[in-house]
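Remarks on the structure that follows.
Counting convention: from 1, in listed order, for ligands and their atoms alike.
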Amino acid sequence: MRRTMQAAICVIVVWFTMFELGGWAVYKGEAAVEATAVELTAAAPAAPITITHTEKQPLLAKPAAYESADDVEIEQAVGKKEPDAQTKPSAIDSKPVVPVTTKPSGKTVYLTFDDGPSQHTEQVLDILKAEGIKATFFMLGEQVEQQPDIARQVLAEGHAIGNHSYNHKYEKLYGSFAVFAEQVMKADDAIFAATGVRTPLFRAPGGTYSNFDQGYFDAMAAAGYIIHDWNVDSGDSKRRGVPSSEIIATVKGSKLADSLNVLLHDGGGHEESVKALPAIIAYYKEKGYSFAPITTAVTPIHFSLAKKLKWSRPAVKESEKAALVLYAEQLGRDRMTLPQPAHTEPNLILHRGEEQLVLSPEEYSLSKGSIKVSLAKLTEWIGGTAELDPDSGVVEAYYNGERIYWLTDFALGGAKGRDEAAIVPVRSTLQKFGLAIENYVYNAERREIWVK
Ligand SMILES: [Zn+2]
C-alpha cells in the first residue's frame, strides 16, 4: 500500500514534530545547516499523514542543484584522508606550467598515449571517461593540425597534453639537433594553436635511449621542456597490429613500481591498443593503483644515455641550443598567463555486483564529507522507483518495502523548479533501503563506491 503525502505545509508540521520526537531525522546536522529535507520511511513509527496524491511525473533526470546537508557517517569515512580535489595548479618556478593538478600520493599509473590525435583517440577518451581516469597524450604537431577538435577535447576532458615532435621522422629528428628543435617548436605552436596551451611535457619519438645524447637533454632542459620516457612498454608498437591479448599480457608481465609510466599509442592503426585498454586499466585498479595525468610535479623517467647512438651526427651547437632557448623564453610570459583549463573531477562510479552506475561530475557532489546524488538515479539503479509530485514538491522513492520521502525546496515554500530533483547523501539513503557501502575510493583521480 502506497503512502502518499498531502500539501507541503502539512509535511513541514509533521517534520518538525519528528525532530521534537527525535530519532527520525537521518541527517543529524541538517536542521542547523539548512532545513530543506527530511526522510520518512515506512518502517518508522507512523505519524498521521493524510493521503491525497496528485498527478505523477517522473523525477527530473538531471539533478538541478545540490543540497547542503551533512551525512555524518560519510564524513567520518571519507572526508578525513582524501587529498584536496580542488588543488590548484601552481607555478613551480618560472618555467612553463602544465595546467593540471599536483602529484598524487600512493601508487600511481600515468597512462600515456603517443602519436595521436587520430580516429582512435575518441575511443580512448570514452574508455577513460567511463573508467573515471585521466591520462597524458603526447601528440604529433602534424596530427594536431589535422584533428584540432580532438586535441581540444583531450584537454577539455582533463587530460594532459605533451609534445611528441611534429612528424616523428627519426632520421630527421636525430640527424641534426637543428631539425629536432624546429620540430619541437613547430609542434609546440600547433598544440597552442589548437588548444591554447603551451605544454612543457615532451616525449622523444622512439624514446631517448640511443636517440638523445647529453646535448639533446641539456638543450631541452635549458628551454624548459620536461622529457618523459616510460617504465612500462605495452609493446603495442613493436610491429604492426600487435593483438590486444599480447598487449595486455605484456603489460601484466611488466615490473610494478609505485609510479608507472605506461607507453601506449593512440595513433592511426592502433585499434588493438584501444581494445586492450579496459583490461589494462582493470589490472592496475585491481593492484590498487590510482591514475593521473602527468604534471610538472611528476618526477620524469629518463632512460640512461646509450654508449653508442643509433645515429651519426654532429654535437649540438651552442647556436642551435640558443635558438630553442630563445623561442621558449619569448613564450615564457605567454605560458604563465594562459587561461588554465578547469580542473575536471572524475566520474563517480557505484558498483553493486556486476552493475555499475556512472555519474558525471555534474551528477554528484561532495559537501562536508557527504557524497550526494540524485535520489531518483540511485533508487532506479538499485531497482526501485522514484517519483516527484510536482504539485507538492515531494519526492517519493520506493525500494524493497522501504519508502523515502524527500521535500524539495519548493515543498518547503521555496520557488518551484530550481531544486525539484532530490539530491541525497548516498550512504544514509542506501541504509534506509537496507543496503550498505562495502568499500570506497575517493581521491582526486578516482571515486568509486561498492554497495552490498
Ligand atoms: Zn611515437
salt_bridge([X], [Y]) N-O dist < 4.0 Å:
{"X": "E448", "Y": "K285", "value": "yes"}
{"X": "K129", "Y": "D126", "value": "no"}
{"X": "K275", "Y": "E272", "value": "yes"}

Original post:
Which residue pairs pass the side chain to side chain donor-acceptor pair (under 3.5 Å) test when at least one of the two sits in residues 312-321, sequence neighbours left out?
Top reply: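 Checked against side chain to side chain donor-acceptor pair (under 3.5 Å) - neighbours excluded - the pairs reaching residues 312-321 are D213-R313.
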
Original post:
Taking only residues two or more places apart in sequence or in another chain, which ones pass side-chain hydrogen bond (donor to acceptor under 3.5 Å, both in side chains) with E438?
Top reply: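 E438: no side-chain hydrogen bond (donor to acceptor under 3.5 Å, both in side chains) contacts found.
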
**OP:** Check which protein N, O or S atoms are less than 2.8 Å from the Zn ion (ligand 1) and report how many there are.
**Re:**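 N, O or S atoms of the protein closer than 2.8 Å: 3.
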
Subject >> Counterpart residues, side-chain contact (heavy atoms from CB on, under 4.5 Å), relative to Q146 (two or more places apart) >> reply: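 Here the qualifying residues are E142, Q143.
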
